[in-house]
Each structure stands twice: as structure tokens, then as C-alpha cells.
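Indexing begins at 1, ligand by ligand and atom by atom, following the structure's order.
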Amino acid sequence: MIRLAKPWIGEDEQRAVAAVLESGQLVQGALVERFEQAVAALVGRKYAVAVSSGTAALQLALKVLSIGPGDEVLCPALSWPSPAHAVRVAGAKVQFVDVDADEWNSTEEALRAARTGETKAAIVIDQFGNPARAAAIREALGALPIIEDAACALGSHFANGPCGSLGKISCLSFHPRKILTTGEGGMCLTDDEDVAEKLRMLRNHGQLRGEFVVAAGNHRMTEIAAALGLAQLQRLDNIVARRRELAALYRELLADALRWQRSPVGAESNFQTFGVILPQGLDRNSVREKMGERGVEAGLLSFAIHKLGSFAGSNASMPIAEHVAARGLALPLFPQMRDAEAEEVARVLLGVLNE
Ligand SMILES: Cc1ncc(COP(=O)(O)O)c(C=O)c1O
């Protein structure tokens with residue numbers, strides 16, 4: 001079976017984790033700090049605060065921006081539900097924004113149009129690693145704080161800088177489906193010292209300089225995770241380069257048959273996910289089933305979040321998000337995948353489409 005995704009874990013990762021286990025220092029310490037500094041430097045941000053997941057990063061980001069009941073937050077309708085759920089968990093209202101038909105991200109026009117007098121922040125997603133239109137969005141939103149959900153986008157580039165550099169707070173995920181992994185893990189990036197201090201306080205029981213100043217949870221990263229992350233960082237360039245090669249191969253092999261995600265001019269995706277839109281009339285479940293029988297695991301691409309049970313009662317209509325969620329198929333893509341495997345995926349998919 002050609003799997004949908006597989007993290008690239010080698011001997012370096014195993015040695016790094018074993019060394020932590022031998023040291024007995026398992027919870028947040030020097031390695032977490034080194035990992036934070038390395039990622040901050042990579043993305044060109046002043047501060048990085050490692051946390052236990054990408055979802056925790058989003059939740060803490062909203063908390064630091066004092067988002068709560070009575071507030072609204074703009075949020076793309078097409079995504080894994082984490083960003084919208086985080087807004088709900090904060091007690092605020094999600095103002096869903098549809099996505100662009102080619103880029104599958106919310107554009108500056110859509111974000112501007114969805115903004116109301118109650119809007120206190122915008123979540124901007126670099127979906128599947130595809131960069132949002134950073135410069136235009138920043139200009140369109142003016143002083144409105146942006147939380148960039150760059151969960152999938154480490155190693156991707158806007159036309160004018162790395163993904164992870166857009167938000168007042170930008171959030172990363174290190175889940176195994178992401179570009180590099182720490183098992184579970186996440187990170188907030190910011191240039192604001194005060195924001196960084198609050199994030200550190202909120203991840204650690206609300207402690208500031210030894211005092212418990214607010215009631216907060218435990219969202220720390222372990223040393224085991226940070227050791228894994230530091231070893232994975234050494235591979236980042238190779239991981240991204242290989243993903244780009246495989247995506248280029250898919251585009252060449254599938255060129256006339258299907259639509260996929262486009263990047264804004266000058267921007268470059270890391271292809272955390274390679275998705276295609278199935279033509280109307282084909283039953284996606286049956287396509288997946290047939291591909292599975294022929295040795296290829298294909299996944300559901302994403303969700304129209306406003307249609308999920310967690311937003312039951314929402315009367316939002318987001319036609320493009322609904323279309324991509326209903327027709328989208330994720331194809332296998334992982335850095336150790338061979339060209340022959342990508343060719344096999346394309347052959348099987350085209351075979352199923354032509355039946
Ligand atoms: C766009 C986006 N945001 C946030 C998350 C949440 O990350 P985590 O699984 O680390 O909580 C994901 C995970 O799939 C995601 O795709």
C-alpha cells in the first residue's frame with residue numbers, strides 16, 4: 001500500500017530521543033529553548049514559544065489577544081476544524097470566510113468583506129502549506145490583529161518572506177502529518193516581547209517569574225519532543241525540496257485530468273498536502289475504495305467547518321469551501337516517496353477516473 005503520509009524519522013531522531021531518555025530531563029528545558037531559537041531564526045521572528053500542539057498554539061494566541069465573548073474572529077471555512085474550534089473555545093463568534101477557488105485560502109477581498117464592527121482578529125491560514133496572499137491581506141486588514149495559522153506551512157514562502165512571518169502571532173504544528181514532526185507539538189511565533197511573555201505564562205499554569213498570576217493550563221512541550229524537532233529541522237530543506245519535486249511530478253502526470261491548488265504569484269508552497277478536485281459525477285468514496293483496492297491510500301482533503309456538527313445551526317453558505325470539501329482528494333505525498341510510487345498513484349487514479 002502506498003501510504004498517504006509518513007514522517008521521515010531516521011537514526012538521528014532515534015539517537016536524539018534516546019539521549020533525552022538517558023538524561024532523565026524529560027520536561028521543558030534546554031532543548032525546548034534551542035528548538036524555539038532555531039525555528040525563530042529560520043522564520044525570521046524574534047520570539048518562539050513551543051507548546052504541546054498546533055491547536056494549543058491557536059488557543060493561546062487568541063487568549064493573548066484577549067478574544068472572548070462578544071468578539072468575532074474571521075476564519076476560513078475550509079480547514080481542519082482547529083482554528084474555528086479555538087475561537088469557539090475562547091467564547092467568541094466565528095465569522096466564516098469562503099476560500100478562493102484556485103488557492104483554497106481566503107483572499108484579502110473576502111476577509112475585508114466579512115469584517116464587521118465586532119471583528120477583533122482574523123485567522124489567516126496557509127492551507128496545505130500554500131501561502132496566503134500575505135502583503136495584500138495585511139494591507140486590507142490594517143491594524144486588525146492577524147493570527148496566522150501556518151500549521152502546515154513551515155518551509156513555504158510568501159512572495160515577500162517566509163510563511164510564519166505574517167501574524168502578530170503565527171502558529172505552527174508539528175503533528176506527524178505536518179512538514180516536520182515532534183509527535184504532537186506546536187509553536188507560536190511573534191516579534192512582540194510582551195506577547196511572547198504572556199504566551200510563556202499561559203503555557204505554564206499562568207506563572208510569571210515564579211508567581212501564579214492567572215489561572216491557566218499546562219501546554220508545555222517535552223524535551224523528548226524538542227530533541228525530535230531539532231533532529232527533524234536538519235532535514236527541513238531536503239523534505240521541502242523532495243515534496244516540491246513530487247508535486248511537480250504529479251502536476252505533470254495529471255495535467256489534463258484534474259484541478260489542484262495554485263499558489264499566489266511569487267509564492268512557493270511546501271506541498272504539505274497535494275490535493276485534487278474530482279470531476280462532478282464521480283463518487284469520491286468509490287474512487288477512494290477502488291484506489292485502496294489497487295494499493296493507493298487516498299484521503300479526504302479537508303472540511304467545510306461550518307457544516308460540521310460542532311457548528312450545527314450555522315446558516316453560513318460558503319460554496320467554494322463546500323465544493324472543495326466535498327470533491328477534494330488528498331494524494332500520497334511524503335519525502336521518502338519514490339518517483340515510481342508517485343507514477344503508480346497517478347496511473348491508478350487516472351485508471352479509476354477513466355472507468
Ligand atoms: C490548518 C491547521 N491548523 C491547525 C491544526 C492543528 O494542529 P495540531 O494537530 O498540532 O493540533 C491543523 C492540524 O491538522 C491544521 O491543519
Check your understanding: Can you check whether G54 has an N/O within less than 3.5 Å of an N/O in ligand 1?
Key -> yes
Point to revise | Sub-3.5 Å N/O-N/O distance, S82 and ligand 1 | key: no
Point to revise | Partner of E297 by salt bridge (charged side-chain N to carboxylate O under 4.0 Å, His left out), out of R288, R3, K6 | key: R3
Atom indices of ligand 1 within 4.0 angstrom of [X] heavy atoms, with elements:
{"X": "C152", "result": "16 (O)"}
{"X": "D149", "result": "1 (C), 2 (C), 3 (N), 4 (C)"}
{"X": "S173", "result": "7 (O), 8 (P), 10 (O)"}
{"X": "S79", "result": "1 (C)"}

[X] side chain near [Y] side chain, heavy-atom distance below 4.5 Å:
{"X": "I239", "Y": "W8", "value": "yes"}
{"X": "V296", "Y": "R294", "value": "no"}
{"X": "E355", "Y": "K290", "value": "yes"}

Point to revise | Lys/Arg-Asp/Glu bridge criterion (N-O < 4.0 Å) met for D191, K46 | key: no
Check your understanding: Strictly under 4.0 Å, does any heavy atom of G186 approach an atom of ligand 1?
Key -> no
Practice item. Report yes or no: does R177 have a heavy atom closer than 4.0 Å to ligand 1? Key: no
Check your understanding: What is the closest protein heavy atom to atom 14 (O) of ligand 1, and at what distance does it sit?
Key -> K178 NZ, 2.6 Å
Exercise for review: Considering heavy atoms of the protein only, find what lies nearest to atom 11 (O) of ligand 1 and give residue, atom and distance to 0.1 Å.
Suggested key: T55 OG1, 2.5 Å
Review point. Can we call the ring centroids of F96 and F311 under 6.0 Å apart?
Key: yes
Review point. Is L141 reachable from I169 through a run of hydrophobic residues whose side-chain heavy atoms are each under 4.5 Å from the next?
Key: no
